[in-house]
Amino acid sequence: MSTKKESTIESEAMPAAETNLRRGVYLIPNLLTTSALFSGFFAIIASINGDFEKACIAIFVAQLLDGADGRVARMTHTQSEFGAQYDSMSDLVAFGLAPALLAYLWSLSGLGQTGWVLAFIFAAGGALRLARFNVQISKVDKKYFVGLPSPAGAAVIWSIIWSMEAFGVSGSQLSWLMAVLVPLVGVMMVSPIRYFSFKDISAQRRVPFLALLAVVLVLAFVALDPPRVLLGFSLTYAFHGPILELVRFIGRKKKQETSS
């Protein structure tokens with residue numbers, strides 16, 4: 001009897017699997033995700049070869065592609081469970097492993113075993129952050145991320161390294177700073193601190209003309225000095241979450257004092 005039931009379940013599951021295989025995947029968003037994965041992999045190769053500036057730029061390109069694939073999928077109504085899971089795998093490489101290896105080879109390798117442990121904390125933080133995001137995606141307010149997003153965490157690492165390379169500062173000179181910053185960013189990614197997601201900004205909505213002018217000015221500002229301007233943006237975003245949480249905490253304390 002159980003054998004018949006098992007065979008029935010298998011026969012029902014097989015056509016569904018075959019249908020999914022025939023249906024295939026959406027090309028454009030998954031092509032963008034593949035490009036982001038390629039950029040992350042290229043960043044790893046560039047870091048191993050000691051070309052740290054190229055590695056930083058590759059992770060930055062991966063961020064741009066990662067931001068585009070989700071928006072393209074939503075705009076074209078081509079979201080899929082496969083795309084969501086594939087995006088997470090790509091993010092783990094581009095924003096977890098690539099920046100961790102970049103930080104280790106640029107600076108932390110001089111600290112011996114301690115250095116790779118600190119780099120691993122960042123990589124593990126990125127993996128845990130992505131796993132928690134996948135689990136909580138339908139349970140949290142879409143206006144906020146819980147914990148520092150992994151692309152933003154990676155941006156803190158690569159923007160510092162790119163800026164220091166532009167200044168001519170070597171990683172060995174800043175090993176003490178990276179020894180604190182790299183694991184700190186890893187912990188921030190799995191923290192309960194909320195960050196603005198900007199997902200409520202839609203490309204299909206009308207915006208004031210001044211908003212378009214502001215975007216043009218930001219792009220011009222970035223073009224003047226990409227490493228340092230992007231460093232400023234990444235640090236501002238990374239630390240705006242803790243600052244806002246502190247403001248909310250102070251506000252709650254004041255309310256409790258006035259009510260009592």
Side-chain angles (χ1 to χ4, degrees), residues 56 59-68 70-71 91 94-96 98-100 102-103 121-133 136-137 139-164 174 177-203 205 207-208 210-255:
C56 294
I59 300 174
F60 174 51
V61 171
Q63 280 186 261
L64 297 177
L65 294 166
D66 180 66
R71 291 191 177 275
D91 287 356
F95 312 128
L102 172 62
I121 292 173
F122 179 93
L128 292 169
R129 168 73 180 79
L130 290 164
R132 187 177 66 179
F133 176 78
Q136 296 180 341
I137 192 168
K139 300 177 183 178
V140 297
D141 187 353
K142 290 187 178 180
K143 289 177 65 176
Y144 297 97
F145 291 121
V146 179
L148 181 66
S150 55
V156 174
I157 304 302
W158 66 253
S159 61
I160 288 175
I161 295 174
W162 193 7
S163 298
M164 294 304 103
L174 294 179
L177 174 63
M178 298 301 287
V180 174
L181 188 66
V182 171
L184 175 62
V185 174
V187 171
M188 288 172 71
M189 287 192 284
V190 294
S191 71
I193 297 172
R194 290 184 296 171
Y195 289 83
F196 284 112
S197 67
F198 302 108
K199 286 187 177 180
D200 52 344
I201 300 174
S202 174
R205 289 182 186 172
V207 295
L210 288 176
L212 180 60
L213 180 60
V215 171
V216 173
L217 291 175
V218 167
L219 292 175
F221 191 45
V222 171
L224 288 174
D225 192 348
R228 276 154 279 212
V229 173
L230 293 172
L231 173 61
F233 286 157
S234 63
L235 291 178
T236 299
Y237 185 80
F239 290 104
H240 92 273
I243 292 170
L244 288 180
E245 289 291 343
L246 181 61
V247 170
R248 293 188 192 104
F249 176 77
I250 294 171
R252 286 194 298 268
K253 278 288 184 181
K254 285 183 178 179
K255 281 184 180 180

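Index from 1, following the sequence.
- Among residues two or more places apart in sequence or in another chain, the side chain to side chain contact (heavy atoms under 4.5 Å, CB included) test is passed with Ile193 by Ser191, Tyr195, Pro242, Glu245.
- The closest side-chain heavy-atom distance from Pro226 to Trp162 is below 4.5 Å.
- Residues Met189 and Phe133 form no side-chain contact, since every pair of their non-hydrogen atoms from C-beta on lies 4.5 Å or further apart.
- Met178 has its side chain within reach of Ile161: a pair of non-hydrogen atoms, C-beta onward, lies under 4.5 Å apart.
- With sequence neighbours left out, the ring-ring contact (aromatic ring centres under 6.0 Å, His included) criterion links Phe233 to no other residue.
- Contacts classified as side-chain hydrogen bond (donor to acceptor under 3.5 Å, both in side chains) and involving residues 216-231 (residues at least two apart or in different chains) are given here: Asp225-Arg228.
- Across all their heavy atoms, Phe122 and Phe95 have their closest contact at CE2-O, 3.5 Å.
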Donor-acceptor pairs under 3.5 Å, side chain of residues 61-68 to any protein atom, not counting sequence neighbours: which ones?
| residue | atom | partner | partner atom | Å |
| --- | --- | --- | --- | --- |
| Gln63 | OE1 | Trp158 | NE1 | 2.5 |
| Gln63 | NE2 | Pro151 | O | 3.1 |

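- Annotation for Val182 and Ala103: closest pair CG2-CB, 3.8 Å, computed over non-hydrogen atoms.
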Q: Could you walk me through whether Met164 and Leu174 pass side chain to side chain contact (heavy atoms under 4.5 Å, CB included), step by step?
A: CA-CA 9 Å; Met164 294 304 103; Leu174 294 179; 3.4 Å; yes
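- Note: Tyr144 OH to Ser197 OG = 9.0 Å, rounded to the nearest 0.5 Å.
- When all heavy atoms of Ser234 and Ser159 are compared, the closest pair comes out as OG-OG, 2.9 Å.
- Applying the side chain to side chain contact (heavy atoms under 4.5 Å, CB included) rule to Leu219 yields the partners Val215; only residues at least two apart in sequence or on another chain are considered.
- Judged as a side chain to side chain contact (heavy atoms under 4.5 Å, CB included), and not counting sequence neighbours, the contacts of Ala152 are Leu148, Pro149, Tyr237.
- Evaluation of the side chain to side chain contact (heavy atoms under 4.5 Å, CB included) rule for Leu235 yields Val156, Leu231, Phe239 as partners, not counting sequence neighbours.
- Checked by atom type and distance alone, the side chain of Arg132 pairs as donor or acceptor with a backbone atom of Val190 at under 3.5 Å.
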Q. Would Leu102 and Ile59 satisfy side chain to side chain contact (heavy atoms under 4.5 Å, CB included), going step by step from the backbone distance to the final call?
A. CA-CA 10 Å; Leu102 172 62; Ile59 300 174; 4.0 Å; yes
